[in-house]
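Because the structure is predicted, anything quoted here is derived from the model rather than measured. As the structure lists them, so they are numbered: ligands from 1, and atoms in each ligand from 1. In this chain, residues are counted from 1 in sequence order.
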Amino acid sequence: MTEFFKGHGLGNDYIALEMDGLGFELTPPAVRLICDRHTGVGSDGILARVASATADFGLRIFNPDGSEAEKSGNGLRIFAAYLLERGDVGERAPFSVETPGGLVRMEVLSRSADGVLSVEAEMGTARFGSADVGLAGPERETDDEPLELESGDIVRINVVSIGNPHCVIFQDELDVEALRRRAPQISTHPAFARGVNVQFAVPVEPDGVDAWVWERGAGETRASGSSACAVAAAAVRRGMVSERQVAVRMPGGRLDVHVRDDWSLVLRGPVESVYRGALTDGMRRRLETLG
Ligand SMILES: N[C@H](CCC[C@H](N)C(=O)O)C(=O)O
């Protein structure tokens with residue numbers, strides 16, 4: 001019986017499961033099938049708990065296109081909800097999670113009457129170097145650096161690593177149709193060796209940013225925790241907000257990011273558990289044959 005849990009952070013939804021005893025490989029085709037919203041369970045990604053020698057829990061994060069990510073802010077908070085449901089963690093009891101993008105310390109701060117959790121995560125330290133995000137060319141930091149797209153458009157980029165790579169583009173206003181044309185070209189641009197998550201952001205003084213997200217390996221999502229961290233860090237670094245406690249508003253809702261003086265980041269936001277389920281024997285057999 002392959003049991004799984006589903007939850008979401010501001011509409012960015014993930015399936016959580018145990019890698020151990022899964023009965024099939026999480027190959028890219030298998031991940032794509034599970035995440036498919038018509039022929040599978042449907043989600044913006046998979047959280048697979050694995051063993052860890054360095055933290056209380058280990059986590060691997062898969063995008064719906066089958067690629068693997070170094071970190072996920074909403075994913076980590078949903079993983080906390082999964083662990084809480086299983087009784088593996090308690091409320092107000094800090095714990096650590098090892099991700100491919102580094103160690104994350106987390107805490108379930110509270111649970112509302114209708115089960116909405118508030119979860120806080122130490123998301124690591126923002127890094128602004130071109131090599132940190134796999135951007136081609138000489139090692140440098142980017143301040144509205146021009147990048148030419150296949151379409152001939154020029155966008156001005158600010159790259160940030162949160163363990164996973166991000167590319168923030170500041171605008172005076174969000175023109176979503178233009179963004180939908182440009183974001184896919186940026187996310188798969190050959191200048192980014194590992195691809196990149198893309199955010200278009202409008203600072204709102206003194207402590208807010210409105211952002212729209214196109215995720216590497218997922219496309220447009222309603223929210224992204226690591227994107228919120230990247231947008232907040234870039235806005236503080238460029239002096240676009242005067243506070244270091246930043247509210248990042250995305251289509252799915254608001255996440256709060258504290259950008260410390262040493263560029264370490266604390267992400268806080270809601271998580272909702274949706275259901276626990278089990279794959280049928282037939283689905284498991286289809287996944288086994290995908291290899
Ligand atoms: N697509 C991202 C991972 C998920 C990020 C997002 N869902 C979050 O909450 O941080 C990447 O390939 O780096």
Side-chain angles (χ1 to χ4, degrees), residues 6-16 26 28 31-32 34-35 37 42-48 59-82 97 99-102 104 106 117 119-127 132-135 159-168 183-184 186-189 192-201 209 211-234 246 248-257 265-272:
K6 190 161 180 224
H8 75 88
L10 304 179
N12 184 211
D13 58 336
Y14 279 85
I15 292 158
L26 277 182
V31 171
R32 288 194 288 269
I34 293 170
C35 293
R37 294 192 183 281
S43 75
D44 284 339
I46 295 177
L47 308 166
L59 178 63
R60 290 177 66 184
I61 301 153
F62 296 88
N63 289 316
D65 72 346
S67 63
E68 194 163 349
E70 304 86 343
K71 200 169 288 179
S72 171
N74 284 328
L76 276 157
R77 296 200 328 279
I78 293 161
F79 187 55
Y82 171 66
V97 180
T99 71
V104 173
M106 307 187 66
L117 305 180
V119 181
E120 189 169 87
E122 289 272 359
M123 289 290 287
T125 301
R127 303 203 182 292
D132 295 315
V133 298
L135 177 61
V159 300
V160 191
S161 172
I162 310 292
N164 58 344
H166 294 269
C167 178
V168 183
I186 302 165
S187 189
T188 57
H189 195 289
F192 288 100
R194 302 193 297 273
V196 73
N197 296 284
V198 182
Q199 303 84 23
F200 287 81
V209 188
W212 181 89
V213 177
W214 182 277
E215 283 194 34
R216 176 182 64 171
E220 184 178 347
T221 59
R222 296 185 61 189
S224 160
S226 58
S227 293
C229 290
V231 164
V246 183
V248 180
R249 284 177 288 272
M250 296 161 282
R254 163 180 165 167
L255 289 174
D256 292 301
V257 182
L265 300 155
V266 185
L267 172 69
R268 180 183 296 198
V271 178
E272 296 184 24

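Judged as a salt bridge (Lys or Arg N to Asp or Glu O under 4.0 Å), and not counting sequence neighbours, the contacts of E122 are R260.
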Starting from the N and O atoms of ligand 1, find every protein N or O within less than 3.5 Å and list the pair with its distance.
residue: ligand 1; atom: 1 (N); partner: N63; partner atom: OD1; Å: 2.9
residue: ligand 1; atom: 1 (N); partner: N197; partner atom: OD1; Å: 3.3
residue: ligand 1; atom: 1 (N); partner: E215; partner atom: OE1; Å: 2.8
residue: ligand 1; atom: 1 (N); partner: R216; partner atom: O; Å: 2.8
residue: ligand 1; atom: 7 (N); partner: N12; partner atom: OD1; Å: 2.9
residue: ligand 1; atom: 7 (N); partner: Y14; partner atom: OH; Å: 2.8
residue: ligand 1; atom: 7 (N); partner: E215; partner atom: OE1; Å: 3.3
residue: ligand 1; atom: 7 (N); partner: E215; partner atom: OE2; Å: 2.9
residue: ligand 1; atom: 9 (O); partner: N12; partner atom: OD1; Å: 3.4
residue: ligand 1; atom: 9 (O); partner: S72; partner atom: OG; Å: 3.3
residue: ligand 1; atom: 9 (O); partner: G73; partner atom: N; Å: 3.4
residue: ligand 1; atom: 9 (O); partner: N74; partner atom: N; Å: 2.8
residue: ligand 1; atom: 9 (O); partner: G225; partner atom: N; Å: 2.8
residue: ligand 1; atom: 10 (O); partner: G73; partner atom: N; Å: 2.8
residue: ligand 1; atom: 10 (O); partner: S224; partner atom: OG; Å: 3.4
residue: ligand 1; atom: 10 (O); partner: G225; partner atom: N; Å: 3.4
residue: ligand 1; atom: 10 (O); partner: S226; partner atom: N; Å: 2.8
residue: ligand 1; atom: 10 (O); partner: S226; partner atom: OG; Å: 2.6
residue: ligand 1; atom: 12 (O); partner: N63; partner atom: ND2; Å: 2.9
residue: ligand 1; atom: 12 (O); partner: R216; partner atom: O; Å: 3.4
residue: ligand 1; atom: 12 (O); partner: R216; partner atom: NE; Å: 2.8
residue: ligand 1; atom: 12 (O); partner: R216; partner atom: NH2; Å: 3.3
residue: ligand 1; atom: 13 (O); partner: N164; partner atom: ND2; Å: 3.0
residue: ligand 1; atom: 13 (O); partner: N197; partner atom: ND2; Å: 2.9
residue: ligand 1; atom: 13 (O); partner: R216; partner atom: NH2; Å: 3.0

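Partner S43 forms a side-chain contact (heavy atoms from CB on, under 4.5 Å) with one of I78, I15, N12 and no other, that one being I15.
Put simply, CD1 on I162 and CD on E70 are 11.5 Å apart, with the number rounded to the nearest 0.5 Å. In this structure, D65 CG and R32 CZ are separated by 7.0 Å, a value rounded to the nearest 0.5 Å. In this structure, CZ on F79 lies 9.0 Å from CE on M106, to the nearest 0.5 angstrom.
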Take L47 and L59, measure what side chain to side chain contact (heavy atoms under 4.5 Å, CB included) needs, and give me the verdict at the end.
CA-CA 7 Å; L47 308 166; L59 178 63; 3.8 Å; yes
